[in-house]
Amino acid sequence: MAIRKVDVAIIGAGTAGLTAYNAARKHTDNLLLIEGSHYGTTCARVGCMPSKLLIAAAESAHAAANTGLFGIQVGNIVVNGEKVLERVRKERNKFVESVLATVDAIPSAHKLVGRARFISPGRLMVGEGIEIKADRIVIATGSSPTIPDMFQGLGKRLLVNDSLFELPNLPASVAVFGTGIVGLELGQALSRLGVRVRMFGRSGSLGGIADKAIRDYAEQCFNEEFYLDTRSEVTDVSSVEDGVSISFVHRDKGALTELFDYILVATGRSPNLKELALHNSGLVLDDNGVPLNESSTLQCGNSPVFLVGDANQQAPVLHEAAHEGRIAGDNAGRYPDVIPAERKAPFSVVFCNPQITSVGLSIGRMPAAERENYVVGKSSFEDQGRSKVLGKNRGILKVYAERNSGLFVGAEMFGPAAEHIGHLLAWAVQQRMTVSTMLAMPFYHPVIEEGVRTALRDLYGKMIKADTDVDPCLECGPGT
Ligand SMILES: Cc1cc2nc3c(=O)[nH]c(=O)nc-3n(C[C@H](O)[C@H](O)[C@H](O)COP(=O)(O)OP(=O)(O)OC[C@H]3O[C@@H](n4cnc5c(N)ncnc54)[C@H](O)[C@@H]3O)c2cc1C
Ligand SMILES: NC(=O)c1ccc[n+]([C@@H]2O[C@H](COP(=O)([O-])OP(=O)(O)OC[C@H]3O[C@@H](n4cnc5c(N)ncnc54)[C@H](O)[C@@H]3O)[C@@H](O)[C@H]2O)c1
């Protein structure tokens with residue numbers, strides 16, 4: 001049995017693990033990055049990048065099919081599924097290669113391939129033959145798709161994000177389970193590429209939208225493209241010779257049984273912690289078996305262990321995984337002199353179409369009494385000038401401010417260019433801007449951002465006096 005002693009061990013060479021490695025290395029040269037599977041990260045290999053590539057193809061097909069609005073007729077549109085997936089993989093591989101180049105640049109003495117688990121506090125076993133004694137440990141093991149029992153046994157008919165992009169061709173039909181972020185992004189993309197899609201949700205949730213009015217509006221929009229039920233009643237899912245048979249209660253047609261080539265399971269992700277034998281780690285675990293940890297330091301209690309990225313499930317998105325890795329790597333390097341870091345404003349974007357963005361405080365999830373402390377402004381994109389020009393005039397934006405201070409605290413949007421609007425609003429939250437400061441900023445004309453001004457003016461009007469309109473907007477052009 002080989003035994004190695006290091007200052008810092010990092011488990012998992014994904015986005016969080018790699019940034020943790022870089023930060024910890026500024027403090028010590030005696031560190032180890034342990035990876036139990038492929039290098040290349042979830043984001044590049046099976047997450048953000050291939051999904052966005054598939055969505056880009058879908059957007060292209062959708063735009064081609066919807067030129068009639070502008071008086072333009074396009075000939076017969078043919079989606080070549082093999083070529084679509086070929087491009088997804090080809091471009092995806094380039095993103096993976098750029099990560100692999102980063103990993104290659106790490107000295108081999110700092111890397112170890114094998115699955116790690118705790119054998120006691122501060123001691124890890126990697127595979128069956130290597131024991132690592134580590135003064136400090138960063139857990140950066142990511143997350144994996146959760147597969148509910150009802151889908152077990154479907155064999156190759158069951159897809160998750162990891163397997164979808166490896167299909168040689170686009171299937172004719174896919175039933176998507178889960179109306180969360182992954183389900184919505186991939187399900188809509190498949191539908192826009194000509195795949196027959198039905199989407200089955202369970203809890204009423206849709207793409208993480210907290211506000212009920214925005215959620216209902218979005219559900220209606222998606223149903224104009226494909227059948228989506230956020231509270232579906234699915235009575236049977238079985239593997240049959242030609243595919244998967246699904247029995248469900250259709251919202252309008254009652255009980256139905258339909259056949260699909262595949263089901264795509266997008267019912268959430270669980271942190272990769274089970275394999276770590278955390279009962280040997282000495283860490284205090286919550287009811288779900290996740291070590292308790294502090295979000296400003298990522299430290300687990302007073303221990304020399306840090307938990308980052310999807311593994312802690314605090315903010316399972318790429319930029320947060322990277323930020324958390326940096327904080328934890330630095331703290332593991334400097335331990336016991338741990339320093340709390342400022343966290344970024346909460347921010348997410350869902351790349352469905354129209355897009356969804358959520359920023360800052362989630363007023364929609366607050367109890368009614370707490371919500372009283374906030375004022376809500378709203379705008380619709382149905383009549384918004386630039387959105388109409390582009391034929392993208394669907395959507396709602398809600399913006400939130402603290403009632404007493406006028407501080408801008410958050411927003412939620414389903415609508416055009418939400419990936420960009422979300423950035424403006426997230427930066428405003430993080431800069432602790434007030435609504436009046438935001439309204440003093442320049443707004444060009446005609447742009448989609450004018451819809452933000454409309455919502456902020458509505459908010460401002462409600463803040464200054466509930467029953468008084470703000471002054472007319474003299475600088476607002478038509479359709480803002
Ligand atoms: C389909 C999809 C689309 C997404 N799109 C976006 C997007 O558009 N924007 C966005 O911000 N986020 C997106 N995300 C989320 C984003 O990909 C994740 O938040 C991010 O990749 C998490 O990084 P991580 O370092 O925590 O985990 P990972 O990159 O998964 O790294 C964890 C690593 O730990 C290794 N590991 C696990 N257990 C062990 C062990 N016991 N021993 C050794 N190694 C181990 C794994 O092999 C893996 O390499 C998407 C996710 C999915 C699934
Ligand atoms: N654009 C992005 O930033 C992006 C894209 C993809 C994923 N992600 C990250 O990945 C995480 C995981 O995404 P996800 O979509 O897998 O999880 P999620 O938690 O967003 O959604 C899972 C959905 O599945 C539903 N569900 C659970 N069991 C079900 C069942 N048996 N039948 C039908 N529906 C069921 C849940 O009610 C929920 O709506 C997200 O939280 C997000 O942070 C981010």
Side-chain angles (χ1 to χ4, degrees), residues 51 54-55 57-59 61-62 65-66 77-82 84-85 88 145-207 209 215-216 218-269 350 352-353:
S51 60
L54 189 76
I55 291 166
E59 294 304 302
H62 185 76
N66 287 279
I77 297 161
V78 179
V79 174
N80 181 327
E82 285 179 36
V84 165
L85 287 162
V88 167
T146 311
I147 316 279
D149 288 346
M150 68 189 286
F151 305 121
Q152 304 289 349
L154 294 178
K156 64 178 175 34
R157 298 285 177 184
L158 186 154
L159 296 173
V160 290
N161 62 292
D162 303 61
S163 44
L164 174 70
F165 309 113
E166 303 310 319
L167 291 176
N169 201 342
L170 287 169
S173 56
V174 174
V176 180
F177 282 83
T179 50
I181 299 175
V182 172
L184 211 44
E185 285 190 353
L186 297 179
Q188 187 187 39
L190 290 172
S191 167
R192 288 187 166 191
L193 288 165
V195 177
R196 179 171 63 87
V197 166
R198 288 204 192 273
M199 287 194 59
F200 301 101
R202 197 178 57 173
S203 56
S205 58
L206 181 64
I209 303 173
R215 199 166 57 233
D216 290 348
E219 183 164 355
Q220 197 185 323
C221 283
F222 291 122
N223 269 290
E224 289 165 16
E225 285 187 42
F226 48 87
Y227 180 87
L228 178 153
D229 187 351
T230 58
R231 293 186 192 277
S232 62
E233 200 183 321
V234 176
T235 49
D236 186 57
V237 177
S238 330
S239 183
V240 292
E241 201 183 328
D242 301 335
V244 186
S245 155
I246 297 176
S247 302
F248 65 102
V249 181
H250 188 285
R251 221 181 4 240
D252 309 316
K253 300 177 188 164
L256 283 184
T257 296
E258 289 186 352
L259 188 67
F260 295 86
D261 288 342
Y262 291 97
I263 69 162
L264 173 66
V265 176
T267 50
R269 296 177 67 83
V350 186
C352 49
N353 202 306

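Residue numbers run from 1 in the order of the sequence given.
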Practice task
Grab the two heavy atoms, one from Ala266 and one from Val182, that are nearest each other, plus how far apart they are.
Solution key: CB-CG1, 3.8 Å
Problem - Atom CD of Glu225: over 12 foreign heavy atoms under 6.0 Å - result: yes
Problem - Interatomic distance, Asp252 atom CG to Tyr227 atom OH [nearest 0.5 angstrom] - result: 7.0 Å
Handout entry: Shortest non-hydrogen separation from Met150 to Val237 and the atoms involved
Key = CE-CG2, 3.7 Å
Exercise for the section: Rounded to the nearest 0.5 Å, what's the gap from CG on Leu264 to CZ on Phe200? Could you check? Expected result: 12.5 Å
Handout entry: Side-chain touch Tyr262/Pro171, heavy atoms, less than 4.5 angstrom
Key = yes
Practice task
Would you mind reporting whether Leu186 and Val174 have side-chain heavy atoms less than 4.5 Å apart?
Solution key: no
Practice task
Check whether any side-chain N or O of Ser247 sits under 3.5 Å from a backbone N or O of Thr235 as a donor-acceptor pair, and report yes or no.
Solution key: no
Practice task
For a side-chain hydrogen bond (donor to acceptor under 3.5 Å, both in side chains) with Thr230, tell me which candidate from Arg215, Arg202, Glu219 qualifies.
Solution key: Glu219
Practice task
Looking only at non-hydrogen atoms, find the nearest pair between Ser239 and Gly153 and report the distance.
Solution key: CB-O, 4.4 Å
Practice task
May I ask you to test the Phe177-Ile147 pair for a side-chain heavy-atom distance under 4.5 Å?
Solution key: no
Handout entry: 4.5 Å side-chain heavy-atom contact, Val197 and Val176
Key = yes
Problem - Residue pairs, two or more places apart or on separate chains, that pass side chain to side chain donor-acceptor pair (under 3.5 Å) and touch residues 150-164 - result: Asn161-Arg269
Handout entry: Which atom of Ala57 lies closest to which atom of Val84, heavy atoms considered
Key = CB-CG1, 3.9 Å
Problem - Nearest-0.5 Å distance that lies between atom CZ in Arg198 and atom CD1 in Ile246 - result: 10.0 Å
Problem - Steps toward side chain to side chain contact (heavy atoms under 4.5 Å, CB included) verdict (Leu206, Phe222) - result: CA-CA 10 Å; Leu206 181 64; Phe222 291 122; 4.2 Å; yes
Problem - Gly178 backbone acceptor or donor facing Thr267 side chain under 3.5 Å - result: no
Completion exercise
Correct closest heavy-atom pair for Val79 and Ala61 would be CG2-CB, 4.2 Å
Practice task
Kindly compute the distance separating CD (Glu258) from OG (Ser245), expressed to the nearest 0.5 Å.
Solution key: 9.5 Å
Completion exercise
d(Leu190 CG, Phe226 CZ) to nearest 0.5 Å is 9.5 Å
Problem - Asp261 (side chain) donor-acceptor with Gly243 (main chain) under 3.5 angstrom - result: no
Handout entry: Note, Glu59 side chain near Asn353 side chain (heavy atom, < 4.5 Å)
Key = yes
Practice task
Can you see which heavy atom on Arg251 is nearest to which on Leu228, and at what distance?
Solution key: NH1-O, 2.9 Å
Problem - Pro148 side chain near Val265 side chain, heavy-atom distance below 4.5 Å - result: yes
Handout entry: Side-chain heavy-atom pair Leu54, Leu85 within 4.5 angstrom cut-off
Key = yes
Exercise for the section: Supply the atom-to-atom distance Ile263 CD1 to Leu158 CG, rounded to the nearest 0.5 angstrom. Expected result: 4.5 Å
